[in-house]
Protein chains: 2
Amino acid sequence: MSYDPSAFPPFAVTVDLVVLTVRRHSLCALAVRRGEPPFQGRWALPGGFVREDEDLTQAAARELLEETGLRAHDPAVPAEPPQDNGAHLEQLATYGDPGRDPRMRVVSVAHLALAPDLPAPRAGGDAGEARWAPVEELLHPSGPEQDAPLAFDHAGILADGVERARSKIEYSSLATAFCPPEFTVGELRRVYEAVWGVALDPRNFHRKVTGTPGFLVPTGGTTTRQGGRPAQLFRAGGATLLNPPMLRPEV
Amino acid sequence: MSYDPSAFPPFAVTVDLVVLTVRRHSLCALAVRRGEPPFQGRWALPGGFVREDEDLTQAAARELLEETGLRAHDPAVPAEPPQDNGAHLEQLATYGDPGRDPRMRVVSVAHLALAPDLPAPRAGGDAGEARWAPVEELLHPSGPEQDAPLAFDHAGILADGVERARSKIEYSSLATAFCPPEFTVGELRRVYEAVWGVALDPRNFHRKVTGTPGFLVPTGGTTTRQGGRPAQLFRAGGATLLNPPMLRPEV
DNA sequence: GCAAAAGTGTTTTACTTACACCCATGG
DNA sequence: CCATGGGTGTAAGTAAAACACTTTTGC
(Lines give C-alpha, C1' and ligand atoms only; values in the text may rest on other atoms or scores of the structure.)
Protein backbone atom coordinates (compact mmCIF):
# COMPACT_ATOMS: atom_id res chain seq x y z
CA MET A 1 0.00 0.00 0.00
CA SER A 2 1.57 3.28 -1.06
CA TYR A 3 1.01 6.60 0.58
CA ASP A 4 0.57 10.13 -0.67
CA PRO A 5 3.55 12.16 0.51
CA SER A 6 1.64 15.40 -0.03
CA ALA A 7 -0.67 14.44 2.83
CA PHE A 8 1.88 15.41 5.49
CA PRO A 9 4.83 17.78 5.82
CA PRO A 10 8.31 16.21 5.70
CA PHE A 11 10.57 16.57 8.72
CA ALA A 12 14.24 15.99 9.35
CA VAL A 13 14.79 13.83 12.45
CA THR A 14 17.98 14.01 14.46
CA VAL A 15 19.29 12.65 17.74
CA ASP A 16 21.11 14.97 20.12
CA LEU A 17 23.13 13.66 23.03
CA VAL A 18 23.48 14.90 26.57
CA VAL A 19 26.58 12.98 27.64
CA LEU A 20 27.37 13.47 31.31
CA THR A 21 30.38 12.45 33.35
CA VAL A 22 31.95 13.42 36.65
CA ARG A 23 35.42 14.91 36.44
CA ARG A 24 37.39 16.56 39.17
CA HIS A 25 34.42 16.69 41.50
CA SER A 26 32.03 18.38 39.10
CA LEU A 27 29.35 17.29 36.67
CA CYS A 28 30.48 17.77 33.08
CA ALA A 29 28.83 17.46 29.70
CA LEU A 30 30.30 16.73 26.30
CA ALA A 31 30.23 19.73 23.96
CA VAL A 32 31.40 19.95 20.36
CA ARG A 33 32.29 23.06 18.42
CA ARG A 34 30.19 23.66 15.35
CA GLY A 35 32.18 23.79 12.14
CA GLU A 36 29.49 25.33 9.96
CA PRO A 37 26.56 27.72 10.07
CA PRO A 38 24.26 28.28 11.72
CA PHE A 39 25.95 28.97 15.06
CA GLN A 40 29.35 28.36 13.46
CA GLY A 41 32.10 28.30 16.07
CA ARG A 42 29.65 27.96 18.94
CA TRP A 43 29.48 24.98 21.30
CA ALA A 44 26.64 22.50 20.83
CA LEU A 45 25.56 19.06 21.92
CA PRO A 46 26.78 16.22 19.73
CA GLY A 47 24.21 14.72 17.42
CA GLY A 48 23.24 13.94 13.88
CA PHE A 49 20.59 12.76 11.49
CA VAL A 50 18.75 9.50 12.00
CA ARG A 51 19.39 7.18 9.07
CA GLU A 52 16.75 5.58 6.92
CA ASP A 53 17.09 2.09 8.34
CA GLU A 54 17.94 2.61 11.99
CA ASP A 55 15.98 2.88 15.20
CA LEU A 56 16.19 6.02 17.32
CA THR A 57 18.17 4.20 20.00
CA GLN A 58 20.54 2.78 17.42
CA ALA A 59 21.10 6.26 16.02
CA ALA A 60 21.88 7.59 19.48
CA ALA A 61 24.24 4.71 20.22
CA ARG A 62 25.99 5.23 16.89
CA GLU A 63 26.48 8.94 17.55
CA LEU A 64 27.77 8.20 21.04
CA LEU A 65 30.28 5.74 19.66
CA GLU A 66 31.39 8.14 16.95
CA GLU A 67 31.82 11.07 19.33
CA THR A 68 33.30 9.38 22.38
CA GLY A 69 34.18 5.80 21.54
CA LEU A 70 31.75 4.72 24.26
CA ARG A 71 29.74 1.60 23.60
CA ALA A 72 26.53 2.08 25.53
CA HIS A 73 24.59 -0.48 27.46
CA ASP A 74 20.97 -0.25 26.32
CA PRO A 75 18.68 -1.01 29.28
CA ALA A 76 16.07 -2.30 26.82
CA VAL A 77 18.43 -4.99 25.56
CA PRO A 78 19.17 -7.39 28.44
CA ALA A 79 22.08 -9.28 26.91
CA GLU A 80 24.74 -6.98 25.54
CA PRO A 81 27.10 -8.83 23.19
CA PRO A 82 30.74 -7.71 23.17
CA GLN A 83 31.79 -5.19 25.76
CA ASP A 84 29.94 -2.09 26.66
CA ASN A 85 31.92 0.37 28.71
CA GLY A 86 29.19 0.53 31.32
CA ALA A 87 27.81 3.72 29.80
CA HIS A 88 24.09 4.21 30.22
CA LEU A 89 21.89 5.47 27.38
CA GLU A 90 18.22 6.37 27.48
CA GLN A 91 15.81 8.55 25.59
CA LEU A 92 15.35 11.95 27.19
CA ALA A 93 12.70 13.98 25.33
CA THR A 94 11.89 15.30 21.88
CA TYR A 95 12.20 18.91 20.77
CA GLY A 96 10.31 20.07 17.72
CA ASP A 97 9.64 23.77 17.89
CA PRO A 98 9.23 25.22 14.41
CA GLY A 99 12.19 27.53 14.04
CA ARG A 100 14.47 25.74 16.47
CA ASP A 101 16.70 25.22 13.44
CA PRO A 102 16.69 28.20 11.06
CA ARG A 103 17.37 26.03 8.03
CA MET A 104 14.33 23.80 8.13
CA ARG A 105 11.90 21.87 10.27
CA VAL A 106 13.96 19.56 12.45
CA VAL A 107 12.64 17.31 15.21
CA SER A 108 15.36 16.22 17.61
CA VAL A 109 15.03 13.16 19.81
CA ALA A 110 17.40 13.93 22.66
CA HIS A 111 19.09 11.11 24.54
CA LEU A 112 20.86 11.05 27.88
CA ALA A 113 24.13 9.16 28.30
CA LEU A 114 26.03 8.68 31.55
CA ALA A 115 29.66 7.67 31.36
CA PRO A 116 32.60 7.05 33.68
CA ASP A 117 35.40 9.58 33.70
CA LEU A 118 37.99 7.57 31.77
CA PRO A 119 37.62 8.63 28.15
CA ALA A 120 39.24 11.74 26.77
CA PRO A 121 36.94 13.42 24.26
CA ARG A 122 37.84 12.48 20.75
CA ALA A 123 37.02 14.47 17.70
CA GLY A 124 34.30 12.68 15.78
CA GLY A 125 33.72 12.70 12.06
CA ASP A 126 31.81 15.96 11.91
CA ALA A 127 33.11 17.79 14.91
CA GLY A 128 36.53 19.30 14.75
CA GLU A 129 36.75 19.87 18.47
CA ALA A 130 35.17 18.42 21.55
CA ARG A 131 35.51 19.02 25.28
CA TRP A 132 34.11 18.13 28.66
CA ALA A 133 32.66 21.27 30.19
CA PRO A 134 31.16 21.72 33.66
CA VAL A 135 27.43 21.97 33.18
CA GLU A 136 27.36 25.17 35.21
CA GLU A 137 29.62 26.84 32.66
CA LEU A 138 27.45 25.67 29.79
CA LEU A 139 24.16 26.62 31.41
CA HIS A 140 25.22 29.92 32.96
CA PRO A 141 27.95 31.21 30.68
CA SER A 142 29.89 34.19 32.00
CA GLY A 143 33.18 35.27 30.67
CA PRO A 144 35.15 34.73 27.47
CA GLU A 145 33.77 34.06 24.02
CA GLN A 146 34.33 30.37 24.59
CA ASP A 147 31.50 30.42 27.11
CA ALA A 148 28.83 31.79 24.77
CA PRO A 149 25.45 30.10 25.16
CA LEU A 150 24.99 26.75 23.48
CA ALA A 151 23.69 26.67 19.90
CA PHE A 152 20.05 26.08 18.98
CA ASP A 153 17.88 25.12 21.98
CA HIS A 154 20.67 22.97 23.37
CA ALA A 155 20.87 24.81 26.68
CA GLY A 156 17.31 23.76 27.42
CA ILE A 157 17.99 20.18 26.36
CA LEU A 158 21.09 20.06 28.55
CA ALA A 159 19.14 21.45 31.50
CA ASP A 160 16.47 18.78 31.05
CA GLY A 161 19.13 16.07 30.86
CA VAL A 162 20.88 17.28 33.99
CA GLU A 163 17.59 17.43 35.85
CA ARG A 164 16.75 13.90 34.69
CA ALA A 165 20.11 12.61 35.92
CA ARG A 166 19.78 14.43 39.25
CA SER A 167 16.39 12.95 39.99
CA LYS A 168 17.05 9.51 38.59
CA ILE A 169 20.05 8.74 40.79
CA GLU A 170 17.69 9.18 43.74
CA TYR A 171 15.61 6.11 43.09
CA SER A 172 17.76 4.06 40.71
CA SER A 173 21.25 2.63 40.73
CA LEU A 174 22.24 4.83 37.79
CA ALA A 175 24.94 6.66 39.74
CA THR A 176 27.12 3.59 39.23
CA ALA A 177 27.17 4.41 35.50
CA PHE A 178 29.49 7.30 36.40
CA CYS A 179 31.92 4.92 38.13
CA PRO A 180 34.52 2.53 36.73
CA PRO A 181 33.66 -1.19 36.86
CA GLU A 182 35.04 -1.45 40.37
CA PHE A 183 34.71 1.44 42.77
CA THR A 184 34.63 2.32 46.45
CA VAL A 185 31.76 3.68 48.49
CA GLY A 186 33.64 6.96 48.76
CA GLU A 187 33.94 7.25 44.99
CA LEU A 188 30.23 6.61 44.63
CA ARG A 189 29.53 9.24 47.26
CA ARG A 190 31.62 11.79 45.39
CA VAL A 191 29.46 11.07 42.32
CA TYR A 192 26.31 11.92 44.25
CA GLU A 193 27.94 15.02 45.67
CA ALA A 194 29.04 16.23 42.25
CA VAL A 195 25.72 15.55 40.51
CA TRP A 196 23.63 17.05 43.28
CA GLY A 197 26.10 19.75 44.25
CA VAL A 198 25.80 19.00 47.95
CA ALA A 199 27.93 17.47 50.72
CA LEU A 200 26.80 14.15 52.14
CA ASP A 201 27.68 12.57 55.46
CA PRO A 202 30.21 9.82 54.61
CA ARG A 203 29.14 7.62 57.54
CA ASN A 204 25.42 7.64 56.84
CA PHE A 205 26.03 7.32 53.09
CA HIS A 206 28.12 4.23 53.64
CA ARG A 207 25.51 2.56 55.80
CA LYS A 208 22.76 3.45 53.36
CA VAL A 209 24.28 2.18 50.12
CA THR A 210 25.73 -0.98 51.61
CA GLY A 211 22.39 -1.69 53.27
CA THR A 212 20.26 -1.21 50.17
CA PRO A 213 19.71 -4.71 48.75
CA GLY A 214 21.05 -5.29 45.24
CA PHE A 215 22.78 -1.93 44.93
CA LEU A 216 26.39 -2.94 45.55
CA VAL A 217 28.16 -6.29 45.62
CA PRO A 218 31.64 -6.51 47.13
CA THR A 219 34.33 -7.87 44.82
CA GLY A 220 36.57 -8.88 47.71
CA GLY A 221 39.32 -6.53 46.63
CA THR A 222 40.42 -3.37 48.37
CA THR A 223 42.14 -0.23 47.20
CA THR A 224 43.99 2.63 48.72
CA ARG A 225 43.94 4.89 45.68
CA GLN A 226 42.10 7.59 47.63
CA GLY A 227 44.58 7.60 50.49
CA GLY A 228 43.73 6.70 54.04
CA ARG A 229 42.50 3.33 55.17
CA PRO A 230 42.02 0.77 52.38
CA ALA A 231 38.45 0.71 51.08
CA GLN A 232 36.44 -2.25 49.89
CA LEU A 233 35.80 -2.44 46.16
CA PHE A 234 32.30 -2.98 44.81
CA ARG A 235 30.58 -3.67 41.53
CA ALA A 236 27.08 -2.50 40.62
CA GLY A 237 24.52 -5.04 41.79
CA GLY A 238 21.62 -6.30 39.77
CA ALA A 239 19.03 -3.92 41.23
CA THR A 240 18.00 -1.03 39.02
CA LEU A 241 15.44 0.50 41.39
CA LEU A 242 16.57 1.45 44.87
CA ASN A 243 14.33 0.76 47.80
CA PRO A 244 14.51 2.76 49.96
CA PRO A 245 15.66 5.56 47.64
CA MET A 246 18.62 7.85 48.24
CA LEU A 247 17.41 11.13 49.69
CA ARG A 248 18.60 14.37 48.16
CA PRO A 249 19.08 16.97 50.90
CA GLU A 250 16.77 19.99 50.79
CA VAL A 251 18.05 23.09 49.08
CA MET B 1 21.11 29.79 3.91
CA SER B 2 19.29 27.00 2.13
CA TYR B 3 19.75 23.35 2.83
CA ASP B 4 20.12 20.30 0.65
CA PRO B 5 17.13 18.02 1.25
CA SER B 6 18.98 15.05 -0.18
CA ALA B 7 21.37 15.15 2.76
CA PHE B 8 18.91 13.48 5.11
CA PRO B 9 15.98 11.08 4.81
CA PRO B 10 12.50 12.62 5.18
CA PHE B 11 10.26 11.45 8.00
CA ALA B 12 6.60 11.84 8.80
CA VAL B 13 6.09 13.06 12.36
CA THR B 14 2.90 12.33 14.27
CA VAL B 15 1.62 12.76 17.81
CA ASP B 16 -0.18 9.85 19.47
CA LEU B 17 -2.17 10.31 22.64
CA VAL B 18 -2.49 8.14 25.72
CA VAL B 19 -5.57 9.69 27.30
CA LEU B 20 -6.32 8.22 30.72
CA THR B 21 -9.31 8.64 33.00
CA VAL B 22 -10.82 6.79 35.93
CA ARG B 23 -14.31 5.42 35.35
CA ARG B 24 -16.25 3.03 37.54
CA HIS B 25 -13.23 2.32 39.70
CA SER B 26 -10.87 1.35 36.90
CA LEU B 27 -8.24 3.06 34.83
CA CYS B 28 -9.43 3.58 31.26
CA ALA B 29 -7.80 4.82 28.07
CA LEU B 30 -9.30 6.43 25.02
CA ALA B 31 -9.27 4.18 21.94
CA VAL B 32 -10.47 4.96 18.44
CA ARG B 33 -11.40 2.49 15.74
CA ARG B 34 -9.33 2.73 12.59
CA GLY B 35 -11.37 3.46 9.48
CA GLU B 36 -8.72 2.61 6.93
CA PRO B 37 -5.77 0.28 6.34
CA PRO B 38 -3.44 -0.67 7.77
CA PHE B 39 -5.09 -2.24 10.80
CA GLN B 40 -8.52 -1.24 9.46
CA GLY B 41 -11.23 -1.92 12.02
CA ARG B 42 -8.74 -2.34 14.87
CA TRP B 43 -8.54 -0.13 17.93
CA ALA B 44 -5.71 2.39 18.14
CA LEU B 45 -4.60 5.39 20.12
CA PRO B 46 -5.86 8.74 18.81
CA GLY B 47 -3.30 10.83 16.99
CA GLY B 48 -2.37 12.57 13.78
CA PHE B 49 0.27 14.37 11.79
CA VAL B 50 2.12 17.35 13.16
CA ARG B 51 1.46 20.37 10.98
CA GLU B 52 4.08 22.50 9.34
CA ASP B 53 3.75 25.47 11.66
CA GLU B 54 2.94 23.98 15.04
CA ASP B 55 4.92 22.85 18.04
CA LEU B 56 4.72 19.23 19.21
CA THR B 57 2.76 20.24 22.31
CA GLN B 58 0.38 22.31 20.22
CA ALA B 59 -0.20 19.36 17.93
CA ALA B 60 -0.96 17.11 20.89
CA ALA B 61 -3.31 19.69 22.41
CA ARG B 62 -5.09 20.09 19.07
CA GLU B 63 -5.57 16.35 18.69
CA LEU B 64 -6.83 16.09 22.27
CA LEU B 65 -9.37 18.83 21.65
CA GLU B 66 -10.50 17.25 18.40
CA GLU B 67 -10.91 13.79 19.88
CA THR B 68 -12.34 14.57 23.29
CA GLY B 69 -13.27 18.23 23.49
CA LEU B 70 -10.79 18.52 26.36
CA ARG B 71 -8.80 21.73 26.57
CA ALA B 72 -5.58 20.75 28.25
CA HIS B 73 -3.62 22.68 30.80
CA ASP B 74 -0.04 22.79 29.62
CA PRO B 75 2.29 22.74 32.62
CA ALA B 76 4.84 24.71 30.59
CA VAL B 77 2.42 27.60 30.11
CA PRO B 78 1.70 29.11 33.55
CA ALA B 79 -1.23 31.35 32.60
CA GLU B 80 -3.86 29.47 30.68
CA PRO B 81 -6.23 31.79 28.84
CA PRO B 82 -9.87 30.75 28.63
CA GLN B 83 -10.90 27.62 30.47
CA ASP B 84 -8.99 24.42 30.51
CA ASN B 85 -10.94 21.48 31.83
CA GLY B 86 -8.18 20.67 34.25
CA ALA B 87 -6.82 18.02 31.92
CA HIS B 88 -3.08 17.46 32.16
CA LEU B 89 -0.90 17.01 29.07
CA GLU B 90 2.78 16.13 28.88
CA GLN B 91 5.18 14.54 26.46
CA LEU B 92 5.66 10.82 27.06
CA ALA B 93 8.27 9.39 24.68
CA THR B 94 9.06 9.06 21.01
CA TYR B 95 8.75 5.90 18.95
CA GLY B 96 10.60 5.62 15.68
CA ASP B 97 11.26 1.99 14.83
CA PRO B 98 11.64 1.56 11.08
CA GLY B 99 8.69 -0.57 10.12
CA ARG B 100 6.42 0.47 12.95
CA ASP B 101 4.14 1.82 10.22
CA PRO B 102 4.13 -0.40 7.11
CA ARG B 103 3.43 2.52 4.79
CA MET B 104 6.49 4.63 5.47
CA ARG B 105 8.94 5.92 8.02
CA VAL B 106 6.90 7.55 10.79
CA VAL B 107 8.24 8.96 14.04
CA SER B 108 5.55 9.35 16.65
CA VAL B 109 5.92 11.69 19.62
CA ALA B 110 3.55 10.16 22.17
CA HIS B 111 1.89 12.36 24.77
CA LEU B 112 0.16 11.49 28.01
CA ALA B 113 -3.13 13.19 28.96
CA LEU B 114 -4.97 12.76 32.24
CA ALA B 115 -8.62 13.77 32.36
CA PRO B 116 -11.52 13.72 34.81
CA ASP B 117 -14.33 11.28 34.19
CA LEU B 118 -16.85 13.79 32.86
CA PRO B 119 -16.56 13.68 29.07
CA ALA B 120 -18.21 11.03 26.95
CA PRO B 121 -15.97 10.14 24.04
CA ARG B 122 -16.92 11.99 20.94
CA ALA B 123 -16.16 10.89 17.44
CA GLY B 124 -13.43 13.11 16.07
CA GLY B 125 -12.90 14.18 12.50
CA ASP B 126 -10.99 11.11 11.36
CA ALA B 127 -12.24 8.49 13.74
CA GLY B 128 -15.67 7.08 13.24
CA GLU B 129 -15.86 5.53 16.67
CA ALA B 130 -14.23 6.09 20.02
CA ARG B 131 -14.53 4.52 23.48
CA TRP B 132 -13.08 4.45 26.94
CA ALA B 133 -11.63 1.01 27.53
CA PRO B 134 -10.09 -0.37 30.74
CA VAL B 135 -6.35 -0.48 30.18
CA GLU B 136 -6.28 -4.11 31.25
CA GLU B 137 -8.57 -5.02 28.36
CA LEU B 138 -6.41 -3.10 25.90
CA LEU B 139 -3.11 -4.46 27.17
CA HIS B 140 -4.16 -8.05 27.79
CA PRO B 141 -6.92 -8.69 25.25
CA SER B 142 -8.82 -11.91 25.71
CA GLY B 143 -12.17 -12.63 24.16
CA PRO B 144 -14.14 -11.26 21.24
CA GLU B 145 -12.75 -9.68 18.10
CA GLN B 146 -13.34 -6.27 19.64
CA ASP B 147 -10.49 -6.96 22.02
CA ALA B 148 -7.84 -7.64 19.40
CA PRO B 149 -4.45 -6.09 20.20
CA LEU B 150 -4.02 -2.40 19.51
CA ALA B 151 -2.78 -1.35 16.07
CA PHE B 152 0.85 -0.51 15.32
CA ASP B 153 3.06 -0.42 18.44
CA HIS B 154 0.30 1.27 20.40
CA ALA B 155 0.12 -1.42 23.09
CA GLY B 156 3.69 -0.60 24.04
CA ILE B 157 3.00 3.13 24.01
CA LEU B 158 -0.07 2.64 26.19
CA ALA B 159 1.90 0.50 28.62
CA ASP B 160 4.56 3.20 28.88
CA GLY B 161 1.90 5.85 29.48
CA VAL B 162 0.20 3.81 32.20
CA GLU B 163 3.52 3.19 33.89
CA ARG B 164 4.34 6.91 33.73
CA ALA B 165 0.99 7.79 35.30
CA ARG B 166 1.37 5.15 38.01
CA SER B 167 4.77 6.38 39.06
CA LYS B 168 4.09 10.08 38.67
CA ILE B 169 1.13 10.21 41.06
CA GLU B 170 3.52 8.98 43.72
CA TYR B 171 5.57 12.13 43.90
CA SER B 172 3.39 14.74 42.21
CA SER B 173 -0.10 16.10 42.67
CA LEU B 174 -1.13 14.78 39.24
CA ALA B 175 -3.81 12.48 40.64
CA THR B 176 -5.99 15.56 41.03
CA ALA B 177 -6.09 15.80 37.22
CA PHE B 178 -8.38 12.75 37.33
CA CYS B 179 -10.80 14.56 39.66
CA PRO B 180 -13.42 17.24 39.02
CA PRO B 181 -12.53 20.79 40.14
CA GLU B 182 -13.88 20.07 43.62
CA PHE B 183 -13.52 16.64 45.14
CA THR B 184 -13.37 14.78 48.42
CA VAL B 185 -10.48 12.92 49.98
CA GLY B 186 -12.37 9.68 49.36
CA GLU B 187 -12.71 10.43 45.65
CA LEU B 188 -9.00 11.16 45.43
CA ARG B 189 -8.27 7.92 47.23
CA ARG B 190 -10.38 5.96 44.76
CA VAL B 191 -8.28 7.51 41.98
CA TYR B 192 -5.11 6.19 43.56
CA GLU B 193 -6.71 2.81 44.10
CA ALA B 194 -7.86 2.57 40.48
CA VAL B 195 -4.58 3.70 38.96
CA TRP B 196 -2.43 1.51 41.20
CA GLY B 197 -4.90 -1.35 41.41
CA VAL B 198 -4.53 -1.65 45.17
CA ALA B 199 -6.61 -0.93 48.27
CA LEU B 200 -5.46 1.88 50.53
CA ASP B 201 -6.28 2.48 54.18
CA PRO B 202 -8.80 5.36 54.16
CA ARG B 203 -7.66 6.67 57.55
CA ASN B 204 -3.96 6.85 56.80
CA PHE B 205 -4.65 8.18 53.31
CA HIS B 206 -6.74 10.99 54.74
CA ARG B 207 -4.08 12.02 57.21
CA LYS B 208 -1.39 11.84 54.60
CA VAL B 209 -2.97 13.94 51.84
CA THR B 210 -4.37 16.58 54.18
CA GLY B 211 -1.02 16.77 55.92
CA THR B 212 1.05 17.21 52.77
CA PRO B 213 1.60 20.96 52.38
CA GLY B 214 0.17 22.49 49.19
CA PHE B 215 -1.53 19.33 47.97
CA LEU B 216 -5.16 20.12 48.89
CA VAL B 217 -6.93 23.31 49.88
CA PRO B 218 -10.40 23.09 51.44
CA THR B 219 -13.10 25.04 49.64
CA GLY B 220 -15.30 25.22 52.72
CA GLY B 221 -18.08 23.23 51.09
CA THR B 222 -19.11 19.69 51.90
CA THR B 223 -20.84 16.98 49.94
CA THR B 224 -22.61 13.78 50.67
CA ARG B 225 -22.66 12.44 47.15
CA GLN B 226 -20.73 9.36 48.22
CA GLY B 227 -23.17 8.50 51.00
CA GLY B 228 -22.29 8.41 54.67
CA ARG B 229 -21.04 11.35 56.64
CA PRO B 230 -20.63 14.58 54.65
CA ALA B 231 -17.08 15.03 53.38
CA GLN B 232 -15.11 18.22 53.00
CA LEU B 233 -14.55 19.44 49.46
CA PHE B 234 -11.06 20.34 48.26
CA ARG B 235 -9.40 21.92 45.27
CA ALA B 236 -5.92 21.04 44.03
CA GLY B 237 -3.34 23.17 45.83
CA GLY B 238 -0.46 24.95 44.20
CA ALA B 239 2.13 22.28 44.93
CA THR B 240 3.15 20.10 41.99
CA LEU B 241 5.74 18.00 43.82
CA LEU B 242 4.66 16.14 46.92
CA ASN B 243 6.95 16.01 49.88
CA PRO B 244 6.77 13.48 51.41
CA PRO B 245 5.59 11.42 48.42
CA MET B 246 2.64 9.04 48.41
CA LEU B 247 3.88 5.49 48.89
CA ARG B 248 2.67 2.78 46.57
CA PRO B 249 2.24 -0.48 48.50
CA GLU B 250 4.55 -3.33 47.55
CA VAL B 251 3.22 -5.85 45.05
C1' DG C 1 -31.47 1.79 64.51
C1' DC C 2 -28.28 0.58 61.01
C1' DA C 3 -25.18 0.88 57.12
C1' DA C 4 -21.81 3.62 55.11
C1' DA C 5 -18.41 6.78 54.57
C1' DA C 6 -15.59 10.61 57.10
C1' DG C 7 -12.35 11.70 60.23
C1' DT C 8 -9.18 11.33 64.86
C1' DG C 9 -5.99 9.01 68.15
C1' DT C 10 -2.56 5.64 69.40
C1' DT C 11 0.92 2.22 69.11
C1' DT C 12 4.56 -0.19 66.73
C1' DT C 13 8.11 -0.17 63.67
C1' DA C 14 11.29 1.56 60.23
C1' DC C 15 14.28 4.85 58.69
C1' DT C 16 16.87 9.20 58.66
C1' DT C 17 19.96 12.39 60.94
C1' DA C 18 23.68 13.93 63.66
C1' DC C 19 27.65 12.90 65.71
C1' DA C 20 31.03 10.21 68.88
C1' DC C 21 34.26 6.97 68.08
C1' DC C 22 37.54 3.41 66.26
C1' DC C 23 40.40 1.36 62.14
C1' DA C 24 44.13 0.96 58.72
C1' DT C 25 47.04 2.89 55.68
C1' DG C 26 50.92 6.42 53.69
C1' DG C 27 54.22 9.68 54.69
C1' DC D 1 52.81 9.84 65.08
C1' DC D 2 49.61 12.09 62.58
C1' DA D 3 46.73 13.22 58.62
C1' DT D 4 43.41 11.00 55.74
C1' DG D 5 39.80 8.58 54.36
C1' DG D 6 37.08 4.02 55.80
C1' DG D 7 33.82 2.09 58.67
C1' DT D 8 30.67 1.07 63.20
C1' DG D 9 27.67 2.44 67.22
C1' DT D 10 24.11 5.02 69.21
C1' DA D 11 20.40 8.24 70.49
C1' DA D 12 16.80 11.60 68.90
C1' DG D 13 13.44 12.79 65.66
C1' DT D 14 10.19 11.75 61.82
C1' DA D 15 7.09 9.23 59.26
C1' DA D 16 4.54 4.98 57.83
C1' DA D 17 1.40 0.89 58.91
C1' DA D 18 -2.14 -1.12 61.52
C1' DC D 19 -6.21 -0.63 63.78
C1' DA D 20 -9.59 0.96 67.66
C1' DC D 21 -12.83 4.40 67.91
C1' DT D 22 -16.01 8.48 67.21
C1' DT D 23 -18.89 11.41 63.90
C1' DT D 24 -22.60 12.49 60.66
C1' DT D 25 -25.38 11.62 57.13
C1' DG D 26 -29.38 8.54 54.25
C1' DC D 27 -32.71 5.14 54.61
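Labels below follow one simple rule: chain letters A, B, ... track the order of the sequence lines, proteins then strands, and each chain is numbered from 1.
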Closest non-hydrogen atom pair between L216(A) and T176(A), with its separation: CD2-CG2, 4.4 Å

Sequence neighbours left out, what passes side chain to side chain donor-acceptor pair (under 3.5 Å) with H154(A)? Give chain and number order. D16(A)

Specify the residues of residues 224-243 of chain B, ordered by number, for which at least one heavy atom lies under 4.0 angstrom from an atom of DNA chain D. G228(B), R229(B), P230(B)

Listed once per pair and sorted, the salt bridge (Lys or Arg N to Asp or Glu O under 4.0 Å) pairs that draw on residues 214-243 of chain A, sequence neighbours left out: E187(A)-R225(A)

Does anything in residues 207-218 of chain A pair up under side-chain hydrogen bond (donor to acceptor under 3.5 Å, both in side chains), and if so which pairs, sequence neighbours excluded? N204(A)-R207(A)

So T184(B) and L233(B), do their side chains get closer than 4.5 Å, heavy atoms only? yes

Once salt bridge (Lys or Arg N to Asp or Glu O under 4.0 Å) is applied, what residue pairs with a partner in residues 194-206 of chain A remain, sequence neighbours excluded? D201(A)-R203(A)

Taking only residues two or more places apart in sequence, or in another chain, which ones meet E170(A) in a side chain to side chain donor-acceptor pair (under 3.5 Å)? R248(A)

What's touching nucleotides 11-16 of chain D from the protein side, N or O pairs under 3.5 Å?
residue	atom	partner	partner atom	Å
dA16(D)	OP1	K208(B)	NZ	2.5

Do any pairs count as a ring-ring contact (aromatic ring centres under 6.0 Å, His included) and have a residue in residues 182-208 of chain A, sequence neighbours left out, and if so which ones? Y192(A)-W196(A), Y192(A)-F205(A)

Cation-pi geometry met for R131(B) and W43(B) (6.0 Å, 45°): yes

Sequence neighbours excluded, which residues qualify as side chain to side chain donor-acceptor pair (under 3.5 Å) partners of D160(A)? Y95(A)

Ordered by number, residues from residues 174-206 of chain A within less than 4.0 Å of DNA chain C (heavy atoms) are D201(A), R203(A), N204(A)

Which nucleotide of DNA chain C is the first, and which the last, in the 5' to 3' direction, to come under 4.0 Å of a heavy atom belonging to chain A? dT16(C) to dT25(C)

Can you list the residues that meet the side chain to side chain donor-acceptor pair (under 3.5 Å) rule with S173(B), with sequence neighbours excluded? none

Under a 3.5 Å distance rule, please check whether T222(A) uses its side chain to pair with a backbone N or O of A231(A) as donor and acceptor. no

